[in-house]
**Q** 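Can you keep this structure in mind? I'll have questions shortly.
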Amino acid sequence: MQAPPVKDGPRTNQDIRVPRVLLIDQNGEKQGEMPISAALEAAEEVGLDLVEIVPNANPPVCKILDYGKFRFQEQKKKNEARKRQKVVELKEIKLRPNIDTHDYEVKAKAMRRFFEEGDKVKVTLRFRGREMAHPELGMKLLEKVKADFEEVTKVEYEPRMEGRQMIMILAPK
């Protein structure tokens, strides 16, 4: 035998299985606590549905409203929230320990744009060959990056060596 389908969303009309409810009418006015049968009758009189708004309250709060319209409004709210949410991306900027000042400025400009868009930036400093003998130069460069963006970012991951590269992650404040 198959189980009945589980309904999502608030319970309505005959699905409400409590003896007493706190009723709010279609105008948003509190009618007080009453038996479920009286609340269902009141909803039927105005031709609307009885919807359980706060099921965990004691007694549960029910409101008289048009359920179809209510679901439509809820869906619209969800869509608006989804539209407004920004997915934070992790952008990567690759540097070298002996980077020229102009090249550094170009990279800094790109990083500033990423922070304005609300993205995190992973600064990767790659060492090659004999550069590995001077990791302090790389640390100095990452400290300069940190100082340049101090007012707009916070350091999420301090500069650290990982193999032949030094990594630091900055996030916008």
**Q** Take Glu105 and Arg112, measure what salt bridge (Lys or Arg N to Asp or Glu O under 4.0 Å) needs, and give me the verdict at the end.
**A** CA-CA 10 Å; Glu105 287 166 10; Arg112 187 161 275 116; over 6 Å; no

**Q** Do Glu92 and Thr124 have a side chain donor and acceptor closer than 3.5 Å?
**A** yes

**Q** Measure across Pro172 and Asp119 and return the closest heavy-atom pair with its distance rounded to 0.1 Å.
**A** CD-O, 3.3 Å

**Q** Should Val123 and Met111 count as side-chain neighbours, where that means a heavy-atom distance under 4.5 Å?
**A** yes

**Q** Tell me which one of Arg84, Lys76, Lys77 satisfies salt bridge (Lys or Arg N to Asp or Glu O under 4.0 Å) with Glu80.
**A** Arg84

**Q** For residues Glu89 and Glu117, determine if any side-chain heavy atom of one lies less than 4.5 Å from a side-chain heavy atom of the other.
**A** no

**Q** Test your reading of the model: is there a side-chain donor-acceptor pair from Lys120 to the backbone of Phe114, 3.5 Å cut-off?
**A** no

**Q** Flag the pair Tyr104 / Asp148 as yes when at least one side-chain heavy-atom distance between them is below 4.5 Å, and no otherwise.
**A** yes

**Q** Are Leu95 and Val145 close enough that some pair of their side-chain heavy atoms sits under 4.5 Å apart?
**A** yes

**Q** Please examine the side chains of Lys140 and Lys144, heavy atoms only from C-beta on, and report whether any two atoms are closer than 4.5 Å.
**A** no

**Q** Specify the closest pair of heavy atoms between Met166 and Met139, including all atoms of both residues, with the distance to one decimal.
**A** SD-N, 3.8 Å

**Q** Any non-hydrogen side-chain atom of Leu65 less than 4.5 Å from a side-chain atom of Leu48?
**A** no

**Q** If you count the non-hydrogen atoms of other residues, nucleotides and ligands that lie under 6.0 Å from CZ in Arg71, is the total more than 12?
**A** no

**Q** Does the pair Lys146 and Glu158 meet the rule for a side chain to side chain contact (heavy atoms under 4.5 Å, CB included), with working shown?
**A** CA-CA 10 Å; Lys146 199 191 299 186; Glu158 287 293 335; 2.8 Å; yes

**Q** With sequence neighbours excluded, what pairs up with Asp25 under the salt bridge (charged side-chain N to carboxylate O under 4.0 Å, His left out) test?
**A** none

**Q** Counting N and O atoms only, with roles assigned by atom type, does the side chain of Arg17 sit under 3.5 Å from a partner on the main chain of Gln14, one being a donor and the other an acceptor?
**A** yes

**Q** Give a yes or no on whether the backbone of Gly28 and the side-chain of Lys63 come within a donor-acceptor separation of less than 3.5 Å.
**A** no

**Q** Check whether any side-chain N or O of Asn13 sits under 3.5 Å from a backbone N or O of Asp49 as a donor-acceptor pair, and report yes or no.
**A** no

**Q** Can you list the residues that meet the ring-ring contact (aromatic ring centres under 6.0 Å, His included) rule with Phe115, with sequence neighbours excluded?
**A** Phe149

